[in-house]
Amino acid sequence: MATNRTFTMIKPDATQENHIGGILSMIEEGGFRIVALKKVLLTAERAGQFYEVHKERPFYGDLVKYMSSGPIVAAILEKDNAVADFRTLIGATNPAQAAEGTIRKKYAKSIEANAVHGSDSDENAQIEGNFFFGPDEQF
Ligand code: UDP
Ligand code: MG
């Protein structure tokens with residue numbers, strides 16, 4: 001079932017460099033409504049849980065360290081075709097391959113420190129949103 005919501009995080013490199021406002025502006029200008037929003041510091045354990053799906057990948061250990069190295073901003077976003085449209089707005093995982101006008105093209109520093117997360121399916125958008133926000137925090 002297609003839904004109109006996706007989940008994002010502004011990652012530690014971008015919060016550290018004061019790009020929260022710039023990235024939220026690009027998100028709103030891209031036609032997304034911010035449904036829920038919070039800034040939190042993940043423990044390594046919790047970052048590891050979030051990225052559990054990648055635990056066999058060679059980059060997992062470094063990714064967990066990076067994602068717990070500073071605060072992230074978690075948000076649930078709403079728009080028609082939210083998951084696919086948000087993946088388009090953020091651009092490729094590797095900023096060297098990200099299209100002009102995308103968030104990662106503008107803000108990402110490397111394939112790891114790539115400024116933002118975006119859910120890859122409706123199912124994961126719901127799981128990831130629930131990881132940070134209870135039903136009463138989602139408007
Ligand atoms: N990542 C990394 N090295 C890689 C691939 C991914 O450090 O070779 C990190 C990067 O921060 C990426 C995250 O792991 O955003 C999750 O990887 P995924 O393949 O799901 O990319 P995404 O869906 O974020 O574009
Ligand atoms: Mg992914």
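Order of listing sets the numbers, starting from 1, for every ligand and every atom in it. As the structure is a prediction and not an experimental result, all values here were calculated from the model.
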S.K.: If you draw the axis of the six-membered ring of Y60, does the NZ or CZ of K55 fall within 45° of it and under 6.0 Å from the ring centre?
M.R.: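 Cation-pi check for K55 and Y60: fails.
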S.K.: Using a 4.0 Å heavy-atom cut-off, say whether L63 meets ligand 1 through its side chain, its backbone, both or neither.
M.R.: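 It is the side chain that touches ligand 1; the backbone stays farther off.
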S.K.: Restricting to non-hydrogen atoms, name the atom on P71 and the atom on L41 that form the minimum distance, rounded to 0.1 Å.
M.R.: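 Heavy atoms only, the tightest pair is N-CD1, 3.7 Å.
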S.K.: At under 4.0 Å between heavy atoms, is it the side chain or the backbone of R87 that contacts ligand 1, or both, or neither?
M.R.: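 The side chain, only.
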S.K.: Using salt bridge (Lys or Arg N to Asp or Glu O under 4.0 Å) as the criterion, list what pairs up with E100, not counting sequence neighbours.
M.R.: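 Partners of E100 by the salt bridge (Lys or Arg N to Asp or Glu O under 4.0 Å) criterion, ordered by chain and then number, come out as K105.
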S.K.: Backbone, side chain, both or neither: what part of M67 comes under 4.0 angstrom of ligand 1, heavy atoms only?
M.R.: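 Within the 4.0 Å criterion, M67 makes no contact with ligand 1.
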S.K.: Have a look at E112, K11, H117, M9 and point out the one with the heavy atom closest to atom 15 (O) of ligand 1.
M.R.: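 Looking at heavy atoms only, the winner is K11.
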S.K.: Between the side chains of N114 and K109, does any donor sit under 3.5 Å from an acceptor?
M.R.: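 Side chains of N114 and K109: no pair found under 3.5 Å.
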S.K.: Given the rule that I, L, V, M, F, W and Y join up when any side-chain heavy atoms are under 4.5 Å apart, are I20 and I72 in one cluster?
M.R.: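 The answer is no; the residues belong to distinct hydrophobic clusters.
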S.K.: Name the closest protein heavy atom to atom 24 (O) of ligand 1, giving the residue it belongs to and the distance to 0.1 Å.
M.R.: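 I find the closest protein heavy atom is R104 NH2, 3.0 Å.
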S.K.: Which residue holds the protein heavy atom closest to atom 10 (C) of ligand 1, what is that atom called, and what is the gap in Å?
M.R.: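 Among all protein heavy atoms, the one nearest atom 10 (C) of ligand 1 is I111 O, 3.2 Å.
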S.K.: Could you tell me the residue and atom name of the protein heavy atom closest to atom 25 (O) of ligand 1, and the distance to it rounded to 0.1 Å?
M.R.: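 It is T93 OG1, 2.5 Å.
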S.K.: Can you get from V40 to Y51 by hopping between Ile, Leu, Val, Met, Phe, Trp and Tyr side chains that sit under 4.5 Å apart?
M.R.: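 Yes.
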S.K.: Provide, to 0.1 Å, the distance between atom 4 (C) of ligand 1 and the closest protein heavy atom, together with that atom's residue and name.
M.R.: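 Heavy-atom neighbour on the protein nearest atom 4 (C) of ligand 1: F59 CD2, 3.4 Å.
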S.K.: Which residue owns the protein heavy atom closest to atom 16 (C) of ligand 1, what's the atom, and how far is it?
M.R.: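 For atom 16 (C) of ligand 1, the nearest protein heavy atom comes out as H54 NE2, 3.6 Å.
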S.K.: Which residue pairs pass the side chain to side chain donor-acceptor pair (under 3.5 Å) test when at least one of the two sits in residues 23-34, sequence neighbours left out?
M.R.: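 Sorted result for residues 23-34: R33-E78.
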S.K.: Under a 4.0 Å heavy-atom limit, does N114 contact ligand 1 with its side chain, its backbone, both, or neither?
M.R.: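 Within the 4.0 Å criterion, N114 contacts ligand 1 through side-chain atoms alone.
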